Amino acid sequence: MALLEVKDLQVEFPLGRKTLKALHGVSFSLEKGERLGIVGESGAGKSVAAFSILNLLTRPGRISAGEVRFEGRDLSKLSADEMRQIRGNRISMIFQDPMMTLNPVLTIGTQMIECLKAHRDISDKEAKELAIARLRDVMIPSPEKRMDSYPHELSGGMRQRVVIAIALLTDPSIIIADEPTTALDVTIQAEIMSLMLDLCKTNNVGLILITHDLAVVSQVTEKMIVMYAGRIVEQGETQDIINNPKHPYTRGLIKALPQENLPGARLNQIRGSMPSLDAIPVGCAFNPRCDFADENCCKNLPELAGPIAHQAACTKIDTLPEFTAVGARK
Amino acid sequence: MNKMAVFLGSDFVYRFKKDKVALVSFSLVVTLILAALLAPVIAPHNPYDLTTIDIMDSELAPIWTDGDTDERFLLGTDPQGRDLLSTILYGMRISLVIGIFAVMLQAFLGVTIGLLSGYIGGRVDAFFMRLADIQLSLSTLMVAIITLAVFQAAFGAELYSELAIFMLVLVIGIAEWPQYARTVRASVLAEKHKEYVDAARVIGMAPKRIMLRHILPNTLSPILVISTIQVANAIISEAALSFLGLGMPVNKPSLGSLISSGFEFIFSGSWWITVIPSIVLIMLILSINLLGDWLRDVLNPKLYKD
Amino acid sequence: MMPLFIRLIRSEMMEILQMDYVRFAWAKGLNPARVYFLHAFKNTLLPVVTVGGVQVGTMLAYTILTESVFQWPGMGFLFLEAVNRVDTPLIIAYIIVVGLIFVVTNTIVDLIYTWVNPTVKLVGQKS
Amino acid sequence: MSELAHSPLVEIENVEQRFGGSSGFLSPSQPLVKALNSVSLTINKGDSFCLVGESGCGKSTLARAVIGLNPPTAGHIKYQGNRIDNLSTRERQPYTRKMQMVFQNPYASLNPRMTVAQTLQEPLQIHFPTMSRAEIEAKVEEVMLSVGNDPSWLERYPHEFSGGQRQRISIARALMLDPEFIVADEPISALDVSIQAQVLNVMMEAQESRNLTYLFITHDLSVVEHFGNRVAVMYLGTVCELADTKNLFATPRHPYTQALLSAVPKMDGSGVNHVKMSGEVPTAMDLPSGCVFHTRCPYANDRCKREIPKLKDNGDTQTACFAVEEGRL
């Protein structure tokens with residue numbers, strides 16, 4: 001029984017005249033201490049998948065079908081109070097923009113201690129020491145002083161470390177990180193990523209990393225999922241998918257990266273654009289943008305096929321040409 | 001024609017039909033405005049035609065009460081013997097005229113100043129905003145009272161009564177332009193940093209054209225929202241001023257002055273002279289405010305989450 | 001005054017409840033009361049305090065109206081009498097007093113604002 | 001890139017840019033921000049000149065100074081030899097036609113209340129008032145097609161388009177006046193990977209067919225490696241390294257460039273191994289003395305703390321670093 005099992009998760013947004021379906025049945029699992037990457041472009045539904053695990057969907061979004069089994073209990077059926085014991089305690093979250101995640105009018109100390117007090121009945125003094133210890137874990141200089149400073153007094157990178165410290169405060173078994181470094185510069189991103197990698201390994205914490213950056217996923221995660229228009233189109237071992245992608249969309253994503261092309265040559269672009277939630281094409285959602293699509297693809301929906309280690313939802317897998325491995329060019 | 005079709009099919013109209021409050025308040029406002037505009041046609045009597053007014057008919061009670069009534073005057077008469085219903089209709093027309101023209105003056109002043117100080121910034125911005133702060137903290141009513149009182153004292157009551165409407169529009173207009181200026185300036189500052197304004201400057205467009213063609217159209221929705229509320233505020237201010245005797249003269253009463261003229265009689269039995277116009281005034285202001293609120297929720301991009 | 005604050009706090013709260021730090025508060029598993037009152041409400045205080053300060057002026061102006069309606073001999077009614085009798089020295093005195101009241105209230109409001117909103121520093125305040 | 005004779009098109013000489021610090025009577029004084037510190041660069045005709053650096057390094061400030069949105073507080077900017085940074089809007093008119101700009105945020109660079117047609121016609125109406133409506137419409141359609149946009153978009157409003165489509169409209173607007181030089185301020189960083197490729201291809205085709213010169217601002221080094229032929233790396237308002245793209249990626253010499261390149265996540269599964277930089281990122285308000293990078297540089301000595309290094313050729317690239325000059329690195 002995996003630590004976390006999401007089975008056929010469906011999420012809807014009833015909006016007045018029309019109901020938008022953001023997730024069309026997503027299933028994945030996470031073992032203890034395992035690192036899973038969820039990749040996809042904006043509008044693919046990766047953040048919706050993350051937030052629905054903790055039942056934190058913005059109104060009017062709601063889970064319309066499927067299960068989120070965590071340590072045997074289905075989180076989507078839990079009451080608000082039961083859910084509260086899990087959020088921030090067994091599963092914690094890291095948001096994208098460090099500028100917005102910390103409350104601007106409260107000190108760092110208050111925001112850390114309140115999280116501890118909500119889940120552990122310990123004295124303020126103990127909570128303070130634990131918080132300072134965590135701040136030291138994330139390599140924040142002079143943590144005691146930082147406890148009384150306000151978020152606007154810290155830089156972006158420093159703030160994201162505080163958010164990571166908060167996430168680790170209650171020794172969760174899973175951390176969900178929604179694009180943790182997209183808003184940061186590349187040097188700070190490298191530091192935050194290596195920090196998260198070490199902390200997850202030492203504390204044996206599971207990580208769900210949501211990002212649109214294939215390179216970051218290839219560096220940090222062991223397993224990964226590629227999402228397109230609310231569905232999983234490819235999933236399996238990260239290195240296997242990066243070096244030998246099966247689904248045309250994943251191939252297009254990797255080939256579109258500037259790293260993979262000769263300088264000055266035209267990039268191999270994927271034509272068209274991501275379908276909006278209310279205009280998802282019939283059959284395989286990628287067919288209008290796919291060079292290999294035939295009328296079969298435009299009619300019925302391909303299922304995930306292939307060995308557990310590397311599955312793809314496409315009926316044309318075996319007919320696709322050989323894919324030159326990453327870095328072959330250098 | 002397709003612009004009209006697009007508008008009718010748009011979400012704006014869709015949400016309007018669904019929102020009971022908006023429907024009721026909109027229809028109320030329209031009926032009141034129509035009644036006011038068509039006053040000369042609808043009103044049974046002409047309150048300004050002194051020949052038909054007989055002082056003997058003063059303080060008659062409304063038809064449905066048991067006091068001494070007269071079927072010619074449905075809602076009874078006021079202290080000068082004028083038919084209350086027609087005086088209310090004419091009065092509402094004056095109140096609306098003052099309200100709308102004052103708001104137009106406010107809008108013109110406020111939008112220009114807001115646009116200039118928002119776009120140009122620096123000294124111009126600092127000067128106008130300090131001026132606006134002073135006027136706002138002194139509050140519009142205070143400014144109106146002082147200017148009107150000084151005017152009345154300096155030029156005497158008769159001249160004042162002819163110019164009353166003009167003076168009220170001027171004073172309420174000048175007293176409340178900061179509301180517009182601050183709202184417009186806030187949205188200009190927000191738009192100014194957007195890149196389409198930079199693009200216009202890169203094309204080599206003159207600042208005047210950028211302000212009018214690019215920035216102003218994008219600040220229309222906040223202007224529309226506060227305009228409805230400002231009309232209601234202007235009518236309240238006019239009523240308050242008239243109540244203090246600084247507003248419309250007795251011979252051409254607005255709703256406010258009608259209420260204040262009937263005020264002394266409220267205890268001596270003929271309550272209707274104050275109560276009925278007050279109800280009409282409250283209905284008018286309530287419906288305009290409700291409409292303004294609905295507009296704010298619909299047009300406010302932040303709350304409008306599709 | 002009351003309805004103004006009600007409407008202002010409502011629209012501010014609706015906006016702030018969608019902000020990331022409130023969602024982060026939920027993600028930390030805090031109890032609803034703490035999220036609403038500490039995290040969300042403290043942020044709505046900012047605009048409320050600034051608008052509140054300006055409203056003091058309107059309140060003073062309406063004292064004139066209420067006093068003249070109920071014939072209470074207050075400052076406003078005094079001012080009205082002075083205006084009718086064109087007693088200019090009294091008018092000037094009244095305006096000076098009212099001006100003083102505004103300066104004092106606005107300074108208090110600024111102090112409250114800096115206490116509520118730590119990101120704003122008073123000029124010359126040592127952080 | 002067409003290897004034209006290296007005739008300089010845009011010259012930037014010792015440009016400085018200061019913000020705030022003015023203590024006007026009514027407006028409170030803000031802290032002085034030194035956004036640019038004596039930057040000198042030359043962009044040759046036909047170049048795809050890339051400006052790279054992290055947020056706060058002044059790359060966008062420099063772009064806005066070059067295009068004239070914020071004139072620099074000191075130094076000169078020359079276009080084909082004549083100064084353009086001190087001209088009024090009227091005097092700038094001939095240069096405005098030659099220099100245009102593409103912006104970063106697709107959702108804010110088009111006026112939401114104007115149709116695509118109106119947005120594209122406006123530059124022509126301003127610069128060529130004598131042009132007839134038919135001529136303008138024909139020109140708009142021609143440019144739209146050349147950029148691969150569907151002319152049926154003309155009557156629609158910006159909110160009906162995706163990010164990538166809007167960026168292509170923004171490029172069409174920049175090409176309306178047949179410019180020679182385009183400043184592109186992070187044109188693709190707000191887009192998804194697959195859409196980025198589309199927009200970059202459009203810009204490359206436009207460069208070849210119209211012989212354009214680009215000043216390309218980005219923080220994404222893999223785009224630079226692909227798109228640019230000359231690169232300047234900036235840190236805290238100062239150019240720390242300048243080179244041809246090939247040399248910079250092959251032999252980066254400045255310690256900051258080395259750290260920057262090592263931080264870029266690679267796809268070859270080699271995990272996160274980047275050069276660690278000590279200390280906290282200083283801001284442009286409390287600028288370190290001497291070399292701006294000395295607070296975080298492992299090779300800094302007291303000379304670095306006192307003097308400001310100048311850009312010098314070191315065989316492979318030009319670097320502003322004493323350690324490189326003295327061979328310590």
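The structure displayed is predicted, hence computed values, not measured ones. Heavy atoms only: backbone and side chains are in, while hydrogens, waters and symmetry mates are out. Residue numbers begin at 1 in each chain, while the letters A, B, ... track the order of the sequences.
- Using bins of under 30°, 30° to 60° and over 60° for the plane-to-plane angle, the ring pair Y95(D)/Y79(D) lands in the perpendicular bin.
- Most heavy-atom pairs under 4.5 Å with chain B, from the set L69(D), N105(D), V102(D): that is L69(D).
- Contacts between R113(D) and chain B at a heavy-atom distance below 4.5 Å involve backbone atoms as well as side-chain atoms.
- For chain D, the nearby parts of R213(B) are the backbone and the side chain; heavy atoms of each come within less than 4.5 Å.
- By the 6.0 Å contact criterion, CZ on R166(D) is enclosed, its count of non-hydrogen atoms from other residues, nucleotides or ligands being greater than 12.
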Begin from the C-alpha positions of Y196(B) and N218(B) and carry the test side-chain hydrogen bond (donor to acceptor under 3.5 Å, both in side chains) through to its verdict.
-> CA-CA 11 Å; Y196(B) 69 87; N218(B) 284 295; 2.9 Å; yes
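- Of the two parts of M114(D), only the side chain, counted from C-beta on, holds a non-hydrogen atom closer than 4.5 Å to a non-hydrogen atom of chain B.
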Check the pair E122(D) / H127(D) against side-chain hydrogen bond (donor to acceptor under 3.5 Å, both in side chains), numbers first and verdict last.
-> CA-CA 9 Å; E122(D) 207 169 25; H127(D) 283 275; over 6 Å; no
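- Contact tally against chain B (heavy-atom pairs below 4.5 Å) for L177(D), V183(D), T119(D), L110(D): the top residue is L110(D).
- Annotation: residues 106-118 of chain B contacts chain D through no residue [non-hydrogen atoms, separation under 4.5 Å].
- Ranked by heavy-atom pairs under 4.5 Å with chain B, the first of P112(D), P179(D), S170(D) is P112(D).
- Proximity to chain B is limited to the side chain of R64(D), based on heavy atoms less than 4.5 angstrom apart.
- Between chain D and the residues K194(B), R201(B), H193(B), the largest count of heavy-atom pairs under 4.5 Å involves R201(B).
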Under the side-chain hydrogen bond (donor to acceptor under 3.5 Å, both in side chains) criterion, do S60(D) and D185(D) qualify, and how do the steps go?
-> CA-CA 7 Å; S60(D) 289; D185(D) 187 357; 3.1 Å; yes
Walk me through it: do S227(B) and Q230(B) pass the test side-chain hydrogen bond (donor to acceptor under 3.5 Å, both in side chains)?
-> CA-CA 5 Å; S227(B) 301; Q230(B) 286 303 93; over 6 Å; no
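- Side-chain N or O atoms of E141(D) include none that pairs as donor or acceptor with a backbone N or O of A138(D) at under 3.5 Å.
- For I126(D), the part lying under 4.5 angstrom from a heavy atom of chain B is the side chain only.
- With a 4.5 angstrom heavy-atom cutoff, R173(D) touches chain B only via side-chain atoms.
- Side-chain atoms of Q207(D) and S48(D) form a donor-acceptor pair, as typed in the model, at a separation below 3.5 Å.
- The parts of Q100(D) that come within reach of chain B are both its backbone and its side chain, each placing non-hydrogen atoms under 4.5 angstrom from that chain.
- A tilted orientation is assigned to the rings of W153(D) and F161(D), their planes being inclined by 30° to 60°.
- In summary, the side chains of S152(D) and D150(D) do present a donor paired with an acceptor at a separation below 3.5 Å, with no hydrogens or angles considered.
- Atom-to-atom distance recorded for Q167(D):CD and F103(D):CZ is 10.5 Å, nearest 0.5 angstrom.
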